[in-house]
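Letters go in sequence order (proteins before strands), and every chain restarts at 1.
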There are 2 protein chains.
Amino acid sequence: MSLSPLSRPNLAHIVRSRLSEAILSGELEPGQHVPEPELASRLGVSRAPVREALIELERQGLVTSDSRGRTHIARLTLEDMEEIYSLRLALEPLAAGLTAERATTQDFETLAANIAATEQATSLAEVTRLDAAFHDLIMRASGHRRAAHFWEGLRYQVEAWLGLMQRRHQAVFHSTQVETVKAHKRLLKVLRSGDAAAAEEEMKKHIVSWRRWLAMEADAAARSDRKTAP
Amino acid sequence: MSLSPLSRPNLAHIVRSRLSEAILSGELEPGQHVPEPELASRLGVSRAPVREALIELERQGLVTSDSRGRTHIARLTLEDMEEIYSLRLALEPLAAGLTAERATTQDFETLAANIAATEQATSLAEVTRLDAAFHDLIMRASGHRRAAHFWEGLRYQVEAWLGLMQRRHQAVFHSTQVETVKAHKRLLKVLRSGDAAAAEEEMKKHIVSWRRWLAMEADAAARSDRKTAP
DNA sequence: TAGGTGTCGACTGTCGACAGTGAATTCGAA
DNA sequence: TTCGAATTCACTGTCGACAGTCGACACCTA
């Protein structure tokens with residue numbers, strides 16, 4: 001039996017992941033104001049760990065604070081997603097190249113397991129989460145700590161956006177699962193080959209294709225807005 | 001006269017910039033442990049704002065916290081600088097391209113003023129600060145908020161590293177000032193032309209040439225370590 | 001003397017409380 | 001009724017205090 005050192009999580013960490021879930025699931029709605037005292041009392045803790053959690057969530061882009069310091073659930077616009085897209089395009093191929101060079105067998109097995117889980121996922125939300133986790137694994141396997149850290153500032157926004165889109169336009173996502181699995185299998189194969197340049201290229205393609213999704217969904221969102229709003 | 005809304009600074013902000021200065025100037029040494037109670041009493045505030053400042057400083061890479069949550073002044077290694085270099089190479093050309101497309105006359109004037117100030121700077125520390133500020137201005141002028149935010153997580157580490165090098169090997173930096181001015185003038189010219197691709201290319205070259213510095217300084221550091229250590 | 005055990009001190013994580021600050025609201029006057 | 005001023009109200013920023021935890025050091029035992 002291997003006893004690996006266990007990390008004793010803070011209250012702040014727990015609060016953060018609780019809030020993450022609540023935001024990603026849509027329980028807390030974009031734009032909504034979330035006062036610290038309310039969160040603290042609802043979670044049964046004091047404001048101190050809540051404050052810390054909110055700072056971290058701001059770094060992850062899930063909440064924003066206005067001029068007066070009050071925190072709101074982030075409202076992601078298409079412009080935001082364009083920013084995120086351009087940064088993914090800058091960061092992830094870099095990391096993929098490094099991963100191809102440095103990753104261990106263990107890393108590859110974890111990636112393969114993720115793909116298998118994605119194949120058997122039974123809900124879109126699960127696919128989304130596993131998708132983000134897959135990219136997370138690659139960023140980590142790259143050994144580039146700062147890039148992985150930056151990625152943390154993007155991934156939850158990606159998840160939040162996809163969640164939002166799914167809730168609005170379920171029909172659009174029919175083929176998501178099989179396409180994700182296919183793309184990730186291609187990526188894993190290239191990563192395993194150890195060819196850094198090829199890995200960069202494949203990741204670039206993967207993200208570019210993801211952008212098509214973005215435009216399409218934005219389009220659908222715009223159409224539906226026009227239908228419901230005026 | 002344009003009166004932009006002024007941000008009323010927190011104690012946490014003040015503490016942060018004080019600590020920034022102390023770290024960049026070398027008053028607080030790399031690796032040194034900095035207990036919250038001590039900082040709080042030395043600055044005459046309570047631990048709350050100090051804690052917040054430390055979280056932000058950690059994001060900026062100036063301090064790190066160990067497994068027990070204790071804060072230390074960051075000790076930058078050559079490996080760290082390689083990471084930072086690769087990220088600059090990913091982020092800054094992207095931003096430079098956007099800046100070429102979007103920047104206002106006002107932005108260009110601020111950049112020109114920065115170059116003028118660099119030309120007249122009387123100390124290396126000042127050149128370093130203005131250099132970082134120049135890149136800061138470009139990141140901001142790009143309008144890419146997330147990229148600018150990420151850059152904040154790098155710039156102070158760059159400053160800290162350069163400061164450290166300067167203190168160790170003053171002689172190496174003879175030509176820094178004139179070279180910086182020249183390079184920045186070239187950059188500004190391309191940015192003003194509005195040619196995004198050219199701006200990307202020029203920024204890439206600028207950063208690649210900065211990497212040569214990195215290697216050279218690392219080399220000098222290694223030599224001097226060998227001389228003093230064993 | 002070496003290895004293990006108990007104690008002490010230092011620091012972090014967490015808590016409840018208070019003061020200051022805008023925004024919203026109510027009240028009074030025209 | 002409408003405008004302006006005063007007042008409440010809901011927050012955030014900040015503070016001091018306490019408890020739990022970990023390493024260092026002394027001590028005990030074989």
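Between His206(A) and His135(A), a ring centre-to-centre spacing shorter than 6.0 Å is recorded.
Between Asp66(B) atom CG and dT21(D) atom P the separation is 17 Å, expressed in whole Å.
The closest side-chain donor-acceptor pair between Thr110(B) and Asp107(B), if any, does not fall under 3.5 angstrom. Between the side chains of Asp131(B) and His184(B), a donor-acceptor pair is found at a separation under 3.5 Å. Checked by atom type, the side-chain pair Thr128(A)/Gln166(A) shows a donor-acceptor distance below 3.5 Å.
Surrounding CZ of Arg102(B) are more than 12 heavy atoms belonging to other residues, nucleotides or ligands, all under 6.0 Å away.
When every heavy atom of Glu27(A) is checked against every heavy atom of Gln32(A), the shortest pair comes out as O-OE1, 4.5 Å.
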Scan nucleotides 12-17 of chain D against the protein and return all N/O pairs shorter than 3.5 Å with their distances rounded to 0.1 Å.
| residue | atom | partner | partner atom | Å |
| --- | --- | --- | --- | --- |
| dT12(D) | OP2 | Glu36(A) | N | 3.0 |
| dG13(D) | OP2 | Arg51(A) | NH1 | 2.9 |
| dG13(D) | OP2 | Arg51(A) | NH2 | 2.9 |
| dG13(D) | N7 | Arg47(A) | NH2 | 2.8 |
| dG13(D) | O6 | Arg47(A) | NH1 | 2.7 |
| dT14(D) | OP1 | Leu11(B) | N | 2.6 |
| dC15(D) | OP2 | Ser46(B) | N | 2.8 |
| dC15(D) | OP2 | Ser46(B) | OG | 2.7 |
| dC15(D) | O5' | Ser46(B) | OG | 3.3 |

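With a 4.5 Å cut-off on side-chain heavy atoms, His72(B) and Ser65(B) do not count as touching.
Inter-axis angle, ends of the helix from dT1(C)-dA30(D) to dA30(C)-dT1(D), five pairs per end, rounded to 10 degrees: 20°.
A donor-acceptor distance shorter than 3.5 angstrom exists from the side chain of Gln157(A) to the backbone of Gln60(A), with no hydrogens or angles considered.
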